[in-house]
Amino acid sequence: MFRIVESLAIALFVATLLMFILVLLMRARLLLRERQRREFLAVWEPILMRSVEVAFSDVPHLRRRDLMNFLLLWNHLHESLLDEAKDHLNQIARALSIGDAALRMLRRRNLRERLLAIMTLGQLRERAAWDSLFEIAENGGALLSVAAARSLTMIDAVAAVPRLMPLLVRREDWPAARVATMLQTAGADVISEQIARAAIAYAGEHDISDSGCLPQGQTVNCSARLIRYLELAYNVSALPAARAIAESSNDPEVVAACLQLLKSSEDLSIVRHSLAHKDWRVRVQAASAMGRIGEHDDEQFLVPLLSDEQWWVRYRAAQALTRLPSMREPRLREIQALQADPFARDILSQAMAEVELQ
Amino acid sequence: MTLLFFVLEIEYIFLLYFLILFAVYFGLNLISIFTLPRYMQLHTAGDFPQTYSGFDLPISVIVPAYNESAVIVSSIRSLLQLSYSEFELVVVNDGSKDETLEVLKREFKLAPFPEAYRIRLPSKPVRAIYLSTTHANLRVIDKENGGKADSQNAGINAARYPLFCVLDSDSILDRDSLRRTVQPFLENPLTVACGGSIRIANGCQVRGGFLESAGLPTNPLALFQVVEYLRAFLFGRIGWAPLNAVTIVSGAFGIFHKETVVSVGGFSTESIGEDMELILRLHWLLTARGVRYRIAFIADPVCWTEAPEDLRTLRNQRVRWQHGLGDSLWLNRGLLFQKGSGFVGWLAFPFMLLFEWIEPFVEVAGYVFVVVTYFLGLLSLSGALIFFLFALGFGMLLSATSLLLEELSFHTYPRMRHLLLLFVAVIAENFGYRQLNSLWRLKGLVEWTLGRKAQWGEMTRVATWQTEAHGDGGSAK
């Protein structure tokens, strides 16, 4: 018994000692890298910063050990700058054959290196990376694949967007915020028609009620998600698509997503119709839309919603009432006084107070 | 002979207990060692300038305040500077007896606001709601005193966004704490709660309510707590996270999905450990309802909190924590071996029961046993020393591993001197501090078992690390 405990105690102390040594060695390596980074920055930061204003023809040799530091700094600047300055940065990178290095890094196991390589190849608009990036976009993990998709749109948005559309639906693990950044990178010129067409086609063929679009337990409504991206498209493409889907879909989440986009008086009939929808998610978006496009006569449709069972519907209806054309405080007070439901009176008080504080 | 046999049997039981404990910790360490570098590599992109796409999830930040007149203004001013696309601050004045509300009214030009307040979660009556006329995203709920959980529930009732963040009014954040902690919600829509690493603020430089530079405290008690926090967060939580078995998201800073929390009844006012209790209840009830969910944890140090520097405050805190642990486990005992609960019901919950709830009893009993058997002549001096060294080595190795994990990830404490000081703390905490902790926790265990109520007690704050910044900085409480 004592032998076992004694051996274990010794093993624990030895392991602790080894751990201390390992931590010290790691810290020593970190400090060395920090020093190298400072040396790198002393040389390269001024060069890259100056390149923002003037093109550089003569760049110093980049040491192999500085490659990662260079890519971090270079990508950092790229993400902060406007287009013409980016061209100068790319000239420097091409002079240093950064594209070739990034292509090699794509095959590494280290995720950080691969991510930096993906970003770099996109910023460089490196056509040679097209197939590799597309393969990552299709099959890579969430963060790598969405970064690869963005790089593809940087290289050639017109060619990339149609190929990425099916992934936009299929890759439910892609964070919406990152997809939005990717679509913004591609630009509304390129994405508008594509997303509108995909949204209509997808909503038609894969209506949630009959398609099994959502695997068991999945919480993301892919059709509704696609419609949300219409926000980033030009109105001329987005609005007809949203109208068409709102009129034909039976899925409340999809209809609610469409209503968020409607912003023209042409849409009033759809919105008015949706105010009485049985699903509160639709009613709340319809009430919000009324706040944007409602007309004087819509008071009659909004007042009943002040007594809706859902707080958010009451709130949006009250806000919409305050925003109706020619609506004035005395009329709001009249409406309030006519309400028997205390919830309706309270929510109208809140909406009026918000207007007053604004 | 029989007594000797009995002593030997007891020794084997202690040994077995520690070996199982070691095996689980070793497993958690292994998970952390493999997941942490991957996390660090993948989140490189987070260090680049961020563009807000309009698709980010807006967050309601709920700040309970009770008698915080000295610090509340600086806390709110720093929170208003958080770097995030869309958020609101909901400050809940929990019936403060000092001038907290008056100070808020004066500094943020609060106006009474006739909000149609929804009571979705029960709380003490709300007396009034105010809206800032200088900051459109700041509201103050004035309510009768009901405690932190009660205030958080009132804050959830008033929250307008789909996610809410809870924090202590004296929590020190990074500017991008919200952005980092919300990532799991963006990356996985099944996420219902997410916490981040909490670190000790003592010894750090804080300006304008934000951390300026990390450092270590000179006070030994605070220094030992730095090691404790590293241990608790770097393998205690990161290890459980990939198994969806995180059992606590600290009340000092965490983000939650509002509708899910409302659906399970919000924060419990019955438990003094309301943060752990809510997480266990989420696991229990969501599993029972067959809902797929994820409770995430990010390793990033997103919040810094002041550690007690005197024995009395520290003792109160540890006794209270043990009460909270007891409450949380008891109130959610249905999670134990619950069908479909996975690692949390079948491993994490039993682990907490056996190795966190009972552990102070076993540790203290172990020390007593060794001393008694030595004086009874049933154990030799060398035998007693070997047992003591075993316990020491075990504690040191666990703490040393957390230093390794820290070195693999964030290098929060930048200087070599910091590292050496932490080494000293890793060794020194085993001589007295750890035993004292076990005694306090044992006290909490006994009190809870006897049904005595725990008290929040007064936190003696020193906050010598705070630096004023152009009149906006935090100040000592």
Side-chain angles (χ1 to χ4, degrees), chain A residues 1-2 4-6 8-13 15-16 19-20 22-24 26-28 30-31 72 75-76 79-80 110-113 115-116 119 141-144 147 172-173 175-181 184 217 219-220 228 231-232 311 314-315 318 343 346-347 349-350 352-354 357-358, chain B residues 8 11-12 15 19 38 40-45 47-57 111 113-118 120 131 133 136 183 186-190 290-292 380 382-383 386-387 389-394 396-397 399-401 403-404 406-408 411 416 419 423 426-427:
Chain A
M1 173 72 174
F2 288 129
I4 300 171
V5 180
E6 190 180 356
L8 282 172
I10 291 169
L12 290 170
F13 276 98
T16 305
M19 207 69 84
F20 281 170
L22 185 60
V23 170
L24 279 175
M26 286 169 70
R27 178 53 64 96
L30 176 76
L31 293 175
L72 281 168
N75 276 292
H76 200 282
E79 294 291 337
S80 329
N110 186 300
L111 294 169
R112 183 167 176 252
E113 291 186 15
L115 191 59
L116 267 179
M119 293 170 71
L143 289 179
L144 284 187
E172 59 154 286
D173 58 338
R178 287 184 200 263
V179 172
T181 306
Q184 283 165 338
T219 55
V220 180
R228 274 208 69 198
E231 265 180 48
L232 306 167
W311 187 92
R314 297 200 295 272
Y315 178 56
F343 288 112
D346 288 352
I347 206 75
S349 292
Q350 176 174 339
M352 286 192 287
E354 280 177 1
L357 284 167
Q358 278 163 12
Chain B
L8 200 62
E11 283 168 356
Y12 272 119
L15 186 62
L19 285 178
R38 188 181 156 80
M40 297 301 295
Q41 287 171 16
L42 265 178
H43 285 76
T44 302
D47 298 331
F48 290 108
Q50 300 294 307
T51 48
Y52 291 108
S53 59
F55 280 69
D56 306 288
L57 294 165
F113 183 64
E115 181 159 321
Y117 177 78
R118 284 186 293 176
R120 305 182 75 196
L131 183 69
T133 53
Q183 285 307 312
L186 299 175
E187 289 165 13
N188 186 342
L190 298 177
V291 176
R292 284 176 65 205
S380 65
S382 58
I386 285 169
F387 271 108
L389 287 176
F390 174 73
L392 280 187
F394 183 69
M396 281 183 202
L397 181 60
S399 300
T401 318
L403 293 191
L404 175 71
E406 167 67 5
E407 205 55 32
L408 278 171
H411 326 290
M416 193 59 108
L419 209 53
F423 284 166
V426 162
I427 296 167

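Please read all numbers here as calculations on a predicted model, not as lab measurements. Labels below follow one simple rule: chain letters A, B, ... track the order of the sequence lines, proteins then strands, and each chain is numbered from 1.
Among A:Leu8, A:Ile4, A:Val179, A:Ile10, the residue making the largest number of heavy-atom pairs under 4.5 Å with chain B is A:Leu8. Chain A forms the most heavy-atom pairs under 4.5 Å with one residue out of B:Asn188, B:Thr401, B:Thr133, and that residue is B:Thr401. Ranking B:Arg118, B:Glu11, B:Arg120, B:Arg38 against chain A, the residue ahead of the rest is B:Arg118, based on heavy-atom pairs under 4.5 Å. With respect to chain B, the highest number of heavy-atom pairs below 4.5 Å among A:Glu231, A:Met352, A:Arg314, A:Met26 belongs to A:Met26. Put simply, of A:Phe343, A:Tyr315, A:Trp311, the one with the most heavy-atom pairs under 4.5 Å next to chain B is A:Trp311.
The two residues A:Arg178 and A:Leu143 come nearest to each other via the heavy atoms NE-CD2, 3.4 Å.
The backbone N or O of A:Leu72 sits nowhere less than 3.5 Å from a side-chain atom of A:His76 that would complete a donor-acceptor pair. Of the possible donor and acceptor atoms, one in the side chain of A:Gln350 sits under 3.5 Å from a partner among the backbone N and O of B:Ala116. With hydrogens and angles ignored, the 3.5 Å screen pairs a side-chain donor or acceptor of B:Gln41 with a backbone N or O of A:Leu111.
For the atom pair CE (A:Met19) and CG (B:Leu397), the distance works out to 5.0 Å, reported to the nearest 0.5 Å.
Residue contact with chain B, scored on non-hydrogen atoms closer than 4.5 Å, involves the backbone and the side chain of A:Ala15 alike. Both the backbone and the side chain of B:Leu408 come within contact range of chain A, judged by heavy atoms closer than 4.5 Å.
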